[in-house]
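Order of the sequence lines fixes the chain letters, A, B, ..., with proteins taken first and strands second; residue numbering starts at 1 for each chain.
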Protein chains: 2
Amino acid sequence: MSDHNRATIRLVARHAGVSPATVSRVLSGSRQVSAINRDKVLGAVAELGYSPHITAQNLATGQSRIIGVVVPDLSNPHFTTLVKRLIHASAADSYEVLVADSDEVVDTECSLATDLLRRCDGVVMCNPRADDQALLALTEHDKPVLFVNRRFTTSEVSTAITDVGPAMEDITRHVLDLGHRRIAYVGGRVQSYLDTQRWSAIQRAGAGDDVELFRLPIDEHIPSWTSIAKTVLDLECTAVLANNDIGAVSLAATLTRMGVDVPGDISIAGFDDTPLASWFTPALTTARIRTDELGEVAWDAMSQMIVDPSTVIHSMLVATAVFRESTATRSTRPRH
Amino acid sequence: MSDHNRATIRLVARHAGVSPATVSRVLSGSRQVSAINRDKVLGAVAELGYSPHITAQNLATGQSRIIGVVVPDLSNPHFTTLVKRLIHASAADSYEVLVADSDEVVDTECSLATDLLRRCDGVVMCNPRADDQALLALTEHDKPVLFVNRRFTTSEVSTAITDVGPAMEDITRHVLDLGHRRIAYVGGRVQSYLDTQRWSAIQRAGAGDDVELFRLPIDEHIPSWTSIAKTVLDLECTAVLANNDIGAVSLAATLTRMGVDVPGDISIAGFDDTPLASWFTPALTTARIRTDELGEVAWDAMSQMIVDPSTVIHSMLVATAVFRESTATRSTRPRH
DNA sequence: TTGAAAGCGCTAACAA
DNA sequence: TTGTTAGCGCTTTCAA
């Protein structure tokens, strides 16, 4: 039963006593076909177990019904959720999803996207960190490209963005209210759009008072939490805002192991509100990003762009702060 | 700049003053071409910014250089890791990965796989739970199908399996050594191959003594950990072995919230050794599955099967127990 | 409503 | 080494 003797539309046509065109019409419903012929065709299709050769369809129609998605790291639950949602949303419209993972290597983002664009009807770029010029060049391929969590100076490209500012401001004000005055923002890559937004929000909320803010970016693939924890202690920070829940949890676990109490000695907040945030002890103060909604919105935009390539869409969701146990009143007792 | 005025191989040929076949040969390296013509072709390619139309290539060659993978739940870090590894391993051979997610719905596994098989050069089915017959039918499509973590009575289909038995036996003996005599196995779907293996291992290790074993499967999508916790308490189990880390952590968190001490009152073990297992407090006793290695092995097998469709491969990895803080000596003090 | 025929853009067998 | 030619399997004008 090799691939060679697959039924073709020609064979079906012969069996049904009609032309290939008629078979095509019946199967695609693109035109009316007489009931008699339709039945003959469907009979032959069933009898031969025929199903159209997708690649041939693609070539003839110029559509692949595949979209591509490029993520920096599929291991990150945030992107996993986004991709999963994208898969299900697009599956409802009979699209399939080709997933590429840049492993946080900025230079590969665009080449992955270019490769995908050659096979797909459109590409979703998640949290890209390449420079504007390189990213905008992707839109020259005449296929829809949607940028998630990235803003451009031009508004001519489609974007779907989570506004993390308000939540980050709320969290910052929250720890200020708890008495903290030396606050570190830990994690994130400097070129990341969302990270820039978070840091700006922290600065906005922390401005004025006798507050000291520290930014501790992470650019290694596997960060050394021990050295970050030491830095935090050296800087005498009593509150740490992390760029995501994984970072918050890792740092909290490291500090705990070093004998530092969380949140007794140091308050810690995460970001993303992954399930982890509520499982962890202490449960994390964090910000909820409706990632699945973002996936939904991304597919809405992409599907419209596929239908009408001139479409430009700008979607915006807003993250909201969630307060739990990992942030507490600043203690005055000395740390060991 | 519409898709219509993309350069074709014909145009390149004309610009270079050669035939399309020569252009094809230069680009694919399938045959020697004179240096002069090669340069002319490469020049024209550069000048026109030509890149081959992949779909047309696919149709002509009968290969897509895409593989498909079907997972029950991409949110599960275990599958995320597997898929990520598969993406990177196959990318090294210029393959791309189409991801489908069955959302734990057994009935959709095979139809997703069938859809993928029509576009892909091969499909990897992860932890499928459909019945043997339905799964084996997938191999009739004359495209390579690799089954991960599933065994069949026939050995004619390719498989890549993690042997979870030894680790589960070790963990069971470990809690027996700690004095536990009423032990529950929580989580997992009854039809899951790995779950069956785990439960058998527990039974093997727990046989003989005055030991009571309970199997508490989970078949809801979002399990009620509270009611599971109650069941565990009602059964007076002092040790709970979970089918994965997420389950262990969820249950542990729930019990803690109910005032039960882990591991003071109840010992808990996970499975998979995800990062979560070491972050969690108490750090989880669990079993390490080298999921990335499994992804690697899966691609090795798949790539060989693509080259030679008659290839049948059976790969086996072995999970190993990891002992941490979440399992402890059975306490004799009464529970509240 | 139907069929014939011309592609879609590429590869590969064959001949030169 | 090169070009000609015939497909790959489908869709879609165009004419009937």
_Does dC8(C) have its OP1 or OP2 closer than 4.0 Å to a side-chain nitrogen or oxygen of T61(A)?_
no

*asked:* I need the CZ-C1' distance between R14(B) and dG3(D), as an integer number of Å.
replied: 15 Å

*Selected nucleotide, minimal atom distance to A60(B) side chain, candidates dT1(C), dT2(D), dG7(D)*: dG7(D)

Could you write out each protein N or O paired with an N or O of nucleotides 13-16 of chain D at a distance under 3.5 Å?
from	atom 1	to	atom 2	distance (Å)
dT13(D)	O4	R25(A)	NH2	3.3

_By side chain to side chain contact (heavy atoms under 4.5 Å, CB included) - contacts of R38(A) (at least two apart)_ = V26(A), V33(A), L42(A)

*asked:* From CG of L59(A) over to C1' of dA6(C), roughly how many Å is that when rounded to an integer?
replied: 13 Å

*Can you tell me the distance, in whole Å, between the CD1 atom of I54(A) and the P atom of dC10(D)?*
11 Å

Determine all donor-acceptor pairs shorter than 3.5 Å in which one atom belongs to a side chain in residues 302-316 of chain A; sequence neighbours excluded.
from	atom 1	to	atom 2	distance (Å)
S303(A)	OG	W299(A)	O	2.8
S303(A)	OG	D300(A)	O	2.9
D308(A)	OD1	S310(A)	N	3.0
D308(A)	OD1	S310(A)	OG	2.7
D308(A)	OD2	S310(A)	OG	3.2
T311(A)	OG1	D308(A)	O	2.5
H314(A)	ND1	T159(A)	OG1	2.9
H314(A)	NE2	S155(A)	O	2.8

*dG3(C) phosphate, OP1 or OP2: any side-chain N/O from T22(A) under 4.0 angstrom?*
yes

*Taking only side-chain nitrogens and oxygens of S24(B), does any of them come within less than 4.0 Å of OP1 or OP2 of dC10(C)?*
no

*Earlier contact from the 5' end, DNA chain C, for Q32(A) and P20(A)*: Q32(A)

*Would you kindly give the NZ-to-C1' distance between K40(A) and dG3(C), to the nearest whole Å?*
13 Å

*Distance check: side-chain N/O of Q57(B) vs OP1/OP2 of dG9(C), anything under 4.0 Å?*
no

*Are N37(A) and dT2(C) close enough that a side-chain N or O sits under 4.0 Å from OP1 or OP2?*
yes

*Are S64(A) and N58(A) linked by a side-chain donor-acceptor pair shorter than 3.5 Å?*
no

*Terminal axes of the helix from dT1(C)-dA16(D) to dA16(C)-dT1(D) (five pairs each): angle between them, nearest 10 degrees*: 40°

_D73(B): side-chain hydrogen bond (donor to acceptor under 3.5 Å, both in side chains) partners, not counting sequence neighbours_ = K84(A), S75(B)

_Atom-pair distance (CD1 on I9(B); P on dG7(D)), nearest Å_ = 19 Å

*Taking only residues two or more places apart in sequence or in another chain, which ones pass side chain to side chain contact (heavy atoms under 4.5 Å, CB included) with E293(B)?*
R290(B), L317(B)

*Between dT1(D), dG9(D), dT1(C), spot the one nearest the side chain of S34(A), thanks.*
dT1(C)

